[in-house]
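Data first, discussion second: the structure below is written as structure tokens.
Protein chains get the first letters and strands the later ones, always in sequence-line order, with residue 1 at the start of each.
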There are 2 protein chains.
Amino acid sequence: MTFQEKASQAIREAGGRMTAQRQIILELLETSDEHLDAEELHRRARVQDSDISLATVYRTLNTLQEAGLVQQRYHSPEHSRKYVEPVHADEEYHFTCRNCRRVMPFHSELMQQLKQQLEAELNVQVFNACVCVDGLCPECRASSHKE
Amino acid sequence: MTFQEKASQAIREAGGRMTAQRQIILELLETSDEHLDAEELHRRARVQDSDISLATVYRTLNTLQEAGLVQQRYHSPEHSRKYVEPVHADEEYHFTCRNCRRVMPFHSELMQQLKQQLEAELNVQVFNACVCVDGLCPECRASSHKE
DNA sequence: TTCCTTGCAAAGTATTTGCAAGATT
DNA sequence: AATCTTGCAAATACTTTGCAAGGAA
């Protein structure tokens with residue numbers, strides 16, 4: 001079952017409706033590998049429907065998040081914008097350079113371990129973990145040594 | 001050297017000045033174990049100086065963060081407010097219940113490992129890692145099973 | 001005396017919401 | 001036909017900023 005099929009089903013099950021706007025947003029989410037925020041998604045969605053509103057993008061993302069179809073990501077150190085990605089098996093996290101703002105994605109089995117640890121030790125059920133790391137990227141690190 | 005002494009020194013070294021307002025905020029940061037956001041800090045600071053402004057609290061926190069004296073924390077799933085804590089040896093992270101909003105702090109050596117892994121594999125220098133986990137706390141988990 | 005810091009109010013950024021019109025089932 | 005969704009504009013929440021007055025070094 002593709003992401004769009006899963007989404008359609010979930011929306012329907014929640015008593016919602018499939019609209020042209022939602023279709024566009026789902027398509028963009030499925031085909032983009034980058035992490036998108038509402039504004040960028042809106043910008044891209046307008047290529048297909050120049051009347052689609054930013055509010056609709058926000059509402060659709062919230063709907064999808066509530067249905068567990070997309071998860072939120074924030075980038076350090078700002079944490080000001082919400083990025084979304086479809087829920088997949090391998091979760092991606094992000095390192096942001098404080099100096100040049102470059103974002104480096106990373107994967108780590110440690111996060112899986114952390115979830116298990118929390119479920120065991122705190123007796124909670126984990127839905128989502130957000131990890132944002134910041135510091136200096138290799139290049140900025142090197143140039144800061146020279147100074 | 002206490003947190004306040006370190007802070008005074010760092011502020012001075014950066015060409016800044018120690019003011020009554022900053023003194024109050026530093027004191028609150030040092031003596032509170034909870035995580036405070038600007039508004040809560042402002043509320044508490046007003047007990048000692050009823051004229052202190054929210055803008056000053058924000059500016060002071062930014063100054064302290066730039067100096068590496070406090071670090072930011074965000075709570076999932078909202079990520080809307082910035083909380084601060086003095087930089088200490090043992091870093092604390094947070095789990096938030098999606099249902100009852102309860103926040104449970106936790107510690108984990110896995111985060112230290114993650115930092116080391118990133119420094120080794122990505123060749124970056126890590127300044128800060130933010131981890132916010134959300135899901136269901138033990139109580140809400142139990143009651144959701146009953147439904 | 002220099003210039004950093006403050007309070008105030010206004011502005012800024014990201015996101016949400018009320019409402020009437022429009023679309024889906 | 002019923003009601004969910006949309007676009008628009010206004011509202012909200014958190015944080016930053018311009019400016020003139022005040023305060024630290």
Give the rounded distance in Å between these two atoms: [atom1] of [X] and [atom2] of [N].
X	N	atom1	atom2	result
A/H79	D/dT15	NE2	C1'	15 Å
A/R81	D/dT15	CZ	C1'	15 Å
B/R22	D/dA24	CZ	P	12 Å
B/Q72	D/dT16	CD	P	10 Å
A/E39	C/dT15	CD	P	8 Å
A/I24	D/dT5	CD1	P	16 Å
A/E13	D/dC4	CD	C1'	17 Å
B/L61	C/dT5	CG	P	14 Å

Discussion item. Between B/E91 and B/K115 (salt bridge meaning N to carboxylate O under 4.0 Å), is one present in this structure?
Written reply: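 Result for this pair is yes, salt bridge flagged.
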Item to complete: May I ask you to verify if any side-chain N or O of A/Q21 is less than 4.0 angstrom from the OP1 or OP2 atom of D/dG7?
Response: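 For D/dG7, OP1 or OP2 has a side-chain N or O of A/Q21 closer than 4.0 Å.
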Worksheet item: Should B/M111 and A/F106 be regarded as members of a common hydrophobic cluster, given that ILVMFWY residues are connected when their side-chain heavy atoms come within less than 4.5 Å of each other, either directly or indirectly?
Response: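 Yes, B/M111 and A/F106 fall within the same hydrophobic cluster.
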Worksheet entry | Distance (rounded to the nearest 0.5 Å) between B/M18 CE and B/Q21 CD |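 Result: 11.0 Å between the selected atoms.
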Worksheet item: What is the distance from atom CD of A/Q113 to atom CG of B/L110, rounded to the nearest 0.5 Å?
Response: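 Those atoms lie 5.5 Å apart.
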Discussion item. Is the ring pair A/Y74/B/H79 parallel, tilted or perpendicular, if the boundaries are 30 and 60 degrees?
Written reply: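 Parallel.
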Fill in: Parallel, tilted or perpendicular: rings of A/H75 and A/Y83 (30°, 60°)
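If you compare the ring of A/Y83 with that of A/H75, the planes turn out parallel.
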Discussion item. In the structure I gave you, are the side-chain heavy atoms of A/M104 and A/H94 within less than 4.5 Å of one another anywhere?
Written reply: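 Heavy-atom side-chain distance check fails, nothing below 4.5 Å.
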Practice prompt. Decide yes or no for A/P138 and B/V124: does some side-chain heavy atom of the first lie under 4.5 Å from some side-chain heavy atom of the second?
Written response: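 Yes; the side chains approach each other to less than 4.5 Å.
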Practice prompt. Any chance you could list the contact pattern along nucleotides 16-25 of chain C? Use B for base contacts, S for sugar-phosphate-only contacts and - for none, protein heavy atoms under 4.0 Å, 5' to 3'.
Written response: BBB----BBS
Discussion item. Ignoring hydrogens and geometry beyond distance, is a side-chain donor-acceptor pair present between A/S108 and B/Q117 at under 3.5 Å?
Written reply: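 On atom types as modelled, these side chains qualify, holding a pair under 3.5 Å.
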Item to complete: Looking at every strand, decide which applies to B/D51 at a 4.0 Å heavy-atom threshold: base, sugar-phosphate, or nothing.
Response: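 Sugar-phosphate contact only - B/D51 comes under 4.0 Å of backbone atoms but never of a base.
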Discussion item. Angle between the end axes of the helix from C/dT1-D/dA25 to C/dT25-D/dA1, five pairs per end, to the nearest 10 degrees?
Written reply: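 About 40°, once rounded to a multiple of 10°.
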